[in-house]
There are 2 protein chains.
Amino acid sequence: MPHDHNACPDCGLPDLAFAVHDHAHCAEQVLARAEALAQDAGARMTPVRKRVLEILLENHKALGAYDVLQRLAAEGFGNQPPVAYRALEFLVEHGFAHRIRRVNAFAACMYPGEDHAPVFLICKTCDLVAEAPAAPVRAALDAAAQAIGFSIERSNIEALGQCPACRGAA
Amino acid sequence: MPHDHNACPDCGLPDLAFAVHDHAHCAEQVLARAEALAQDAGARMTPVRKRVLEILLENHKALGAYDVLQRLAAEGFGNQPPVAYRALEFLVEHGFAHRIRRVNAFAACMYPGEDHAPVFLICKTCDLVAEAPAAPVRAALDAAAQAIGFSIERSNIEALGQCPACRGAA
DNA sequence: GCATATGTGTTATATTATAACTCGTCAATA
DNA sequence: TATTGACGAGTTATAATATAACACATATGC
């Protein structure tokens with residue numbers, strides 16, 4: 001039985017992105033899982049790719065491709081857009097990162113390998129992004145599609161608003 | 001009581017975008033409704049704005065800002081990006097059009113004035129976009145957000161796939 | 001009629017994303 | 001071991017999407 005998607009896989013914290021937690025620890029766990037999964041899949045987690053995932057994992061924010069690129073360039077990797085885009089594309093294809101279309105940005109997947117299709121809650125104040133449990137939402141979406149005979153291949157469900165902390169501060 | 005969101009407001013056809021229907025008629029109705037609503041709201045449906053809505057209403061596809069711009073320019077309106085973007089922004093703000101982020105494009109709203117937050121089903125084969133009934137999906141999304149204390153301000157729910165007709169053809 | 005707000009058009013530029021080619025590395029193989 | 005072929009990374013160049021800022025006209029409210 002898969003564990004609760006709304007909790008940290010390791011420490012069990014709820015609403016991972018927005019809750020205070022030992023982030024270094026959480027990032028480390030996710031990175032390790034991603035590397036193991038890549039290995040299993042015969043995909044090569046090269047230095048750039050790993051570094052990009054690490055960058056995304058540094059916090060729970062969504063970063064634009066050019067933000068990532070800037071970091072890479074500063075660290076001696078290539079400094080042209082394709083370098084960042086290709087690594088990000090690899091991560092997304094393998095489920096190690098998500099593309100958040102609302103903000104033209106990318107965020108590390110917190111539950112790699114769990115074959116989920118999450119909804120994203122994006123705090124407009126602090127920019128943090130949470131992957132919320134999506135099963136009921138997906139079910140409703142599938143039902144709506146099925147009702148008119150539409151077959152869904154990929155979908156994105158994204159919400160902009162305020163996280164608990166920022167709402168409290170306001 | 002509001003009528004069924006999944007049916008043409010006028011002719012009652014289900015799954016408007018994908019169903020065969022008298023589109024000229026459907027477009028005309030929607031345009032008329034939008035103009036009346038703009039009037040009520042004290043918003044000015046100027047020639048460019050009206051024309052852009054007409055262009056979007058010519059079919060049920062999502063059009064990029066530059067596609068719209070090209071049409072406008074050919075008809076003697078301005079030919080610089082802001083002309084299109086501003087008209088589109090106006091239409092979106094007033095609920096006469098929707099922005100479909102997945103494809104960086106805009107589509108006419110088929111149910112203006114009904115205060116809905118629809119789900120978009122985008123056929124990757126024929127490019128048609130349907131606004132599906134969203135209430136259950138929104139409810140599930142709200143529940144997911146509420147569970148972690150996140151307050152949603154705006155959200156987008158978009159799915160890419162195949163419409164009944166294109167699936168039948170394949 | 002006058003002042004103001006709003007809308008249109010313009011120039012210029014920012015931001016996001018991809019095409020196409022080159023080179024190096026590594027692994028499988030002859 | 002030398003060869004080849006796949007893949008990845010780097011580059012140049014350009015495409016596609018979007019906005020800032022200003023000039024001018026026109027509509028609206030007084």
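Sequence lines set the chain letters: A, B, ... in the order given, protein chains first and strands last, and positions in each chain run from 1.
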Under 3.5 Å, N/O pairs linking protein and nucleotides 11-14 of chain D:
from, atom 1, to, atom 2, distance (Å)
D/dT11, OP2, A/N79, N, 3.3

Nucleotide N/O of nucleotides 6-8 of chain D paired with protein N/O under 3.5 Å:
from, atom 1, to, atom 2, distance (Å)
D/dG8, OP1, A/R49, NH1, 3.4
D/dG8, O5', A/R49, NH2, 3.3

Within this structure, what is the CG-to-P distance between B/L88 and C/dG7, rounded to whole angstrom?
15 Å
Is the cationic atom of B/R99 (NZ for Lys, CZ for Arg) positioned less than 6.0 Å from the six-membered ring centroid of B/F106 and within 45 degrees of its normal?
no
Taking only Lys NZ, Arg NE, NH1 and NH2, and the carboxylate oxygens of Asp or Glu, determine whether A/R86 and A/E89 approach each other closer than 4.0 Å.
no
How many whole angstroms separate atom CG of B/L63 from atom C1' of D/dT17?
15 Å
Whether B/Y85 contacts D/dA18 is assessed here as follows: a side-chain N or O lying under 4.0 Å from the phosphate OP1 or OP2. Is that the case?
yes
What nucleic acid atoms does B/R99 come within less than 4.0 Å of, heavy atoms only: base, sugar-phosphate, or nothing?
sugar-phosphate
d(CZ, B/F106; P, D/dA16) in whole Å
17 Å
Tell me which pairs pass side-chain hydrogen bond (donor to acceptor under 3.5 Å, both in side chains) where either residue lies in residues 100-110 of chain B, with sequence neighbours left out.
A/N156-B/R102
Answer yes or no: does a side-chain N or O of B/N104 lie under 4.0 Å from OP1 or OP2 of C/dT16?
no
d(CG, B/L69; C1', D/dA16) in whole Å:
13 Å
Minimum-distance pair of heavy atoms, taken over all atoms of A/L69 and A/G78
CD1-O, 3.8 Å
Rounded interatomic separation in angstrom, taking CE from B/M45 and P from C/dT8
11 Å
If only side-chain N and O atoms count, and only distance matters, is there a donor-acceptor pair under 3.5 Å linking A/H116 with A/E131?
yes
Backbone of A/H23 reached by a side-chain donor or acceptor of A/H25 within 3.5 Å
no
Taking CG from A/L91 and P from D/dA9, how many angstroms apart are they, rounded to a whole number?
11 Å
Protein-nucleotide distance (B/D67, atom CG; D/dA18, atom C1'), rounded to Å:
14 Å
Test item: side-chain donor near acceptor, A/S151 and B/Q162, under 3.5 Å
no
Tell me yes or no: between the side chains of A/R138 and A/S155, is some donor less than 3.5 Å from an acceptor?
yes
So, B/E158 and A/R154, do they make that salt bridge, N to O below 4.0 Å?
no
Nearest whole angstrom, please: distance from the C1' of C/dT16 to the CD of A/Q70.
15 Å
